[in-house]
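Convention: sequence-line order gives letters A, B, ...; per-chain numbering from 1.
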Amino acid sequence: MSGLLVAAGAIGGVILGAGLALLRISPYRILSLPAAAYVTVMRSVPLILVLFWFYFMLPLLTGHPLGALSSALTAFVLFEAAFYCEIIRAGIGSVPKGQNQAAAATGLKRWQILRLVILPQAFAAMVPLFLNQVIILFQDTSLVYVVTLHDFLTAANIVADQQERPIEMYTFVAIVYFVICYCVSLLVGRNKGPVFR
Amino acid sequence: MNATSPDETKLSSVSGRPASSGAPMILVEGVSKSYGHSAVLKQCSTTVARGEVVVVCGPSGSGKSTLIKCINGLVPFDSGRILVDGVSVGDRRTKLSALRAHIGMVFQHFELYPHMTALENVNLAQIHVLKRSRAEATAVSTKLLERVGLSEKLNSRPGELSGGQQQRVSIARALAMNPKAMLFDEPTSALDPEMVNEVLDVMQVLAQDGMTMIVVTHEMGFARRVADRVLFMDEGRILEDTAKSRFFEEPATERARQFLSKVLTH
């Protein structure tokens with residue numbers, strides 16, 4: 001369950017986040033302003049609220065229940081997209097302006113410049129931030145108990161109750177979380193540092 | 001004769017000269033530009049004939065870079081008119097990307113694409129703008145990189161090249177588009193002193209091949225050897241626009257005299 005949420009949140013979030021980032025850097029305000037507003041709102045709201053909102057309020061609005069899993073998935077994708085959007089935008093912003101000018105000076109068009117010159121360089125700057133966000137996402141999946149989903153922590157909770165050995169169980173869970181997150185952060189560390197130049 | 005690229009053995013292609021070679025290649029007329037309240041260009045006017053080499057000099061912040069970036073539309077200007085080979089740069093109907101494809105530009109900090117090899121850098125716009133096949137582009141790039149003395153470095157990334165080598169790659173990148181004119185924005189200012197000449201030598205050959213060039217530079221030796229005319233700018237104005245010999249022997253303005261005495265005594 002945790003794995004599914006992380007995978008869906010990361011993949012869906014990156015795709016939607018990339019779309020949002022492209023809107024945000026668009027020169028047209030009609031496109032960039034709504035995207036900016038969306039990102040700002042999502043980033044200022046606790047994840048747990050977004051989870052509640054999709055679980056309890058959307059069914060009220062739409063008239064039929066969404067189900068715990070699909071509401072949690074939707075919430076994660078929409079929430080993570082805001083963060084991935086900012087990571088992608090920062091990555092694009094980290095490429096020196098001169099690159100854009102130099103590419104434009106050879107007659108390349110805006111979209112070609114982005115695709116051929118800017119994004120490949122931006123991606124190098126994004127990788128560590130992406131992995132960081134995945135760590136946070138993984139930890140955040142423990143929040144889905146609020147919508148009655150059984151993630152890893154909830155499952156451990158139940159086992160701890162049954163076996164009446166909460167200390168061992170929670171310590172075990174903590175170690176598992178730690179090992180997974182630490183491994184990913186090692187990956188982050190390896191990917192840091194200037195890739196070019 | 002090779003049908004695809006007859007000029008590939010020469011550094012420059014001057015074959016694109018139309019019959020109306022009497023008209024100037026570049027015409028700048030009353031161009032002004034300001035950022036907020038600070039005016040960076042004030043009523044600048046000049047013309048550059050086909051095959052002419054014009055050096056633009058002046059103190060930092062005098063608007064030299066802005067002026068040449070206006071010529072290929074990288075920097076929009078507020079008023080006035082710029083024509084490149086008869087095409088109006090400021091006109092909304094002008095496709096700037098198409099215009100820029102025919103004007104080469106070389107930057108102070110090279111601005112090579114760090115994730116590509118030298119060859120790929122020179123290939124990129126040929127493939128995506130001129131729609132040459134990869135094989136055609138590679139043939140042109142290889143010849144050009146050879147001509148700027150980098151046949152050994154085709155597959156090196158910019159990070160593995162010295163500043164002088166990077167700048168020569170960027171000249172090759174611009175030339176690969178068969179430009180009608182070349183703009184140089186302080187091409188040697190970011191180089192170690194011993195690498196300045198290898199870049200200036202390439203530029204001199206280019207000038208001798210008949211390329212139309214505007215060069216923003218502090219290299220007065222280059223101006224003396226290669227320029228036809230010198231523009232002197234200060235505080236956004238073109239104060240002098242004269243033949244090279246006049247400029248160095250008897251500059252008309254006091255400001256240019258001061259500038260020259262400072263630059264030349266060092």
Under a 4.5 Å heavy-atom cut-off, does chain A meet the side chain of B:Phe107, its backbone, both or neither?
side chain
Does any N or O in the side chain of [X] come within less than 3.5 Å of the main-chain N or O of [Y], such that one atom is a donor and the other an acceptor?
X        : Y        : answer
A:Glu86  : A:Ala82  : no
A:Gln99  : A:Pro96  : no
B:Asn178 : B:His102 : no
B:Lys33  : B:Pro76  : yes

Any donor-acceptor pair under 3.5 Å linking the side-chain atoms of A:Glu80 with those of A:Gln133?
yes
Quick one: do the B:Ser65 and B:Asp185 side chains pair a donor with an acceptor below 3.5 Å?
yes
Heavy-atom proximity to chain B below 4.5 Å, by part of A:Gln101:
both
Would you list the pairs meeting salt bridge (charged side-chain N to carboxylate O under 4.0 Å, His left out) in which at least one residue belongs to residues 162-175 of chain B, sequence neighbours left out?
B:Arg168-B:Glu198
For chain A, find its close neighbours in residues 117-130 of chain B: heavy-atom separation under 4.5 Å, sorted by number, or none.
B:Leu124, B:Ala125, B:His128, B:Val129
Taking non-hydrogen atoms and a cut-off under 4.5 angstrom, which of residues 93-101 of chain B neighbour chain A?
B:Lys95, B:Ser97, B:Arg100, B:Ala101
Quick one: list whatever passes side-chain hydrogen bond (donor to acceptor under 3.5 Å, both in side chains) with B:Ser133, sequence neighbours left out.
B:Glu136
